[in-house]
Amino acid sequence: SRYLAACGALSVMITAISFAPAADWPQWRGPNRDGISKELGLLKEWPKEGPKLLWQVKDLGGGFSTPSIVGSRLYVMSNQGLEDEFVQARDVKDGKQIWSTRIGKVGNPNQQPSYPAARSTPTVDGEYLYALGSDGDLACLEVGTGKVRWQKNLRADFGGKPGVWAYSESPLIDGDVLVCTPGGDQATLVALNKKTAEVMWKCALPGGDAAAYASAIVVEMAGIKQYIQLVQKG
């Protein structure tokens, strides 16, 4: 199974039986954002001596991001201090860095209780990766090189209002649409063209509710396709 737990991101360990072809895990909570893996033949329990350690790295930086894995690459967000928050691509076989791209600084550094760090899981969609930094820096990167194709800031461009612990959302890609949650009274929720970052629509909730620590999902109810998101008050 291709499962990685990274908490604090000070070190990352990969434990597995083999690197046989496995299903991709391209975004927060998996392919359908439901936490369900369709892989078969998994162990029902760990061997007595524990799973075999294949590799370990200790140079990721800090943060609370969980990784996405597509093909032979692992993508994760982390930070060095409070001025540099970045996305990294690592080789699944040995954990070696392929590229690293800075997208901004750590958001709300004076939060209380104080846990300022990178938070979001990158979303991989074909040849591109979409990442949201904790300070509201939203970027589209080329998965091959890490080059930035376009970048926005949820505070500066949409009057965004994050919660106390800054932005923690993993961008939702639905066809050609990118959905994210700036919060605030201008664009509590916004939909962008994923290729150009052009605004497709903005939804301003009464009272300008702040963004919370949740990521939007797609559902269909009563024959109507909907985006469901949790903000500070509901």
Side-chain angles (χ1 to χ4, degrees), residues 1-19 22-31 33 35 37 50-109 111 113-125 127-149 151 162 165-171 213 215:
S1 175
R2 195 182 268 170
Y3 177 80
L4 172 71
C7 182
L10 296 177
S11 67
V12 171
M13 294 184 291
I14 288 287
T15 55
I17 302 304
S18 70
F19 278 120
D24 291 334
W25 198 261
Q27 62 176 330
W28 171 79
R29 303 201 75 218
R33 295 198 160 203
S37 171
K52 180 181 179 181
L53 176 64
L54 297 180
W55 55 261
Q56 176 176 319
V57 298
K58 297 184 178 181
D59 60 348
L60 284 183
F64 305 101
S65 171
T66 58
S68 298
I69 301 176
V70 176
S72 62
R73 292 188 180 185
L74 177 154
Y75 305 92
V76 67
M77 294 189 70
S78 53
N79 63 281
Q80 294 285 356
L82 297 178
E83 293 302 315
D84 296 301
E85 191 165 320
F86 44 90
V87 181
Q88 295 184 59
R90 298 267 172 165
D91 194 314
V92 168
K93 296 190 303 294
D94 52 22
K96 290 183 178 179
Q97 181 175 291
I98 299 170
W99 54 256
S100 177
T101 300
R102 181 185 183 275
I103 63 169
K105 62 182 181 180
V106 174
N108 292 14
Q111 58 191 246
S114 185
Y115 302 102
R119 301 179 182 279
S120 304
T121 300
T123 300
V124 183
D125 179 57
E127 298 179 359
Y128 300 102
L129 175 150
Y130 301 88
L132 177 62
S134 61
D135 200 39
D137 295 292
L138 177 66
C140 171
L141 312 178
E142 296 178 356
V143 297
T145 64
K147 179 181 178 181
V148 176
R149 293 298 300 267
Q151 190 160 3
W165 292 283
Y167 287 106
S168 303
E169 181 179 15
S170 300
Y213 317 107
S215 299

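Position 1 is the first residue of the sequence, and the numbers go up from there. Just the heavy atoms: all of them, side chains too, but no hydrogens, waters or symmetry mates, feed the values below.
Between A131 and M77, the closest heavy-atom pair is CB-SD, 3.9 Å. Of all the heavy atoms in A118 and G62, the pair that sits closest is CB-O, 4.5 Å. When all heavy atoms are compared, the tightest approach of S120 to S168 is OG-C, 3.4 Å. In this structure, T121 and S65 approach most closely via the heavy-atom pair CA-OG, 4.0 Å. The shortest heavy-atom contact between V106 and S134 is CA-OG, 3.4 Å. Minimum interatomic distance between G63 and A117 (heavy atoms only, all atoms of both residues): CA-CB, 3.7 Å.
Under the rule for a side chain to side chain donor-acceptor pair (under 3.5 Å), S170 has no partner lying at least two apart in sequence or in another chain. With sequence neighbours left out, the salt bridge (charged side-chain N to carboxylate O under 4.0 Å, His left out) criterion links D125 to K194. Taking K147 as the reference, E142, T145 meet the side chain to side chain contact (heavy atoms under 4.5 Å, CB included) condition, with sequence neighbours excluded. Evaluation of the side chain to side chain contact (heavy atoms under 4.5 Å, CB included) rule for P162 yields N108, R155, Y167 as partners, not counting sequence neighbours. In this view, R90 and D59, Q88 satisfy the side chain to side chain donor-acceptor pair (under 3.5 Å) rule, not counting sequence neighbours.
Taking the six-membered ring for Trp and thresholds of 30 and 60 degrees, Y75 and W99 have ring planes inclined between 30 and 60 degrees apart.
To the nearest 0.5 Å, atom CH2 of residue W165 and atom OG of residue S114 are 11.0 Å apart. Note that CD1 of I103 and CZ of F86 are 10.5 Å apart. Values are rounded to the nearest 0.5 Å. Taking CD1 of I69 as the reference point, atom CD of Q27 lies at 13.5 Å (rounded to 0.5 Å). Here Q80 contributes atom CD and L60 contributes atom CG; the two are 9.0 Å apart, rounded to the nearest 0.5 Å. Atom-to-atom distance recorded for D91:CG and K93:NZ is 3.5 Å, nearest 0.5 angstrom.
Between V143 and V70, every side-chain heavy-atom pair lies at or beyond the 4.5 Å cut-off. A heavy-atom distance below 4.5 Å is found between the side chains of W25 and S37.
A 6.0 Å sphere centred on CZ of R149 holds no more than 12 heavy atoms belonging to other residues, nucleotides or ligands.
Using modelled atom types, no side-chain atom of D135 and backbone atom of D137 make a donor-acceptor pair closer than 3.5 Å. Put simply, the side chain of W28 never gets that close to the backbone of P171: no donor and acceptor are under 3.5 Å apart.
Residues in residues 65-85 take part in these salt bridge (Lys or Arg N to Asp or Glu O under 4.0 Å) pairs, two or more places apart or across chains: D84-R102.
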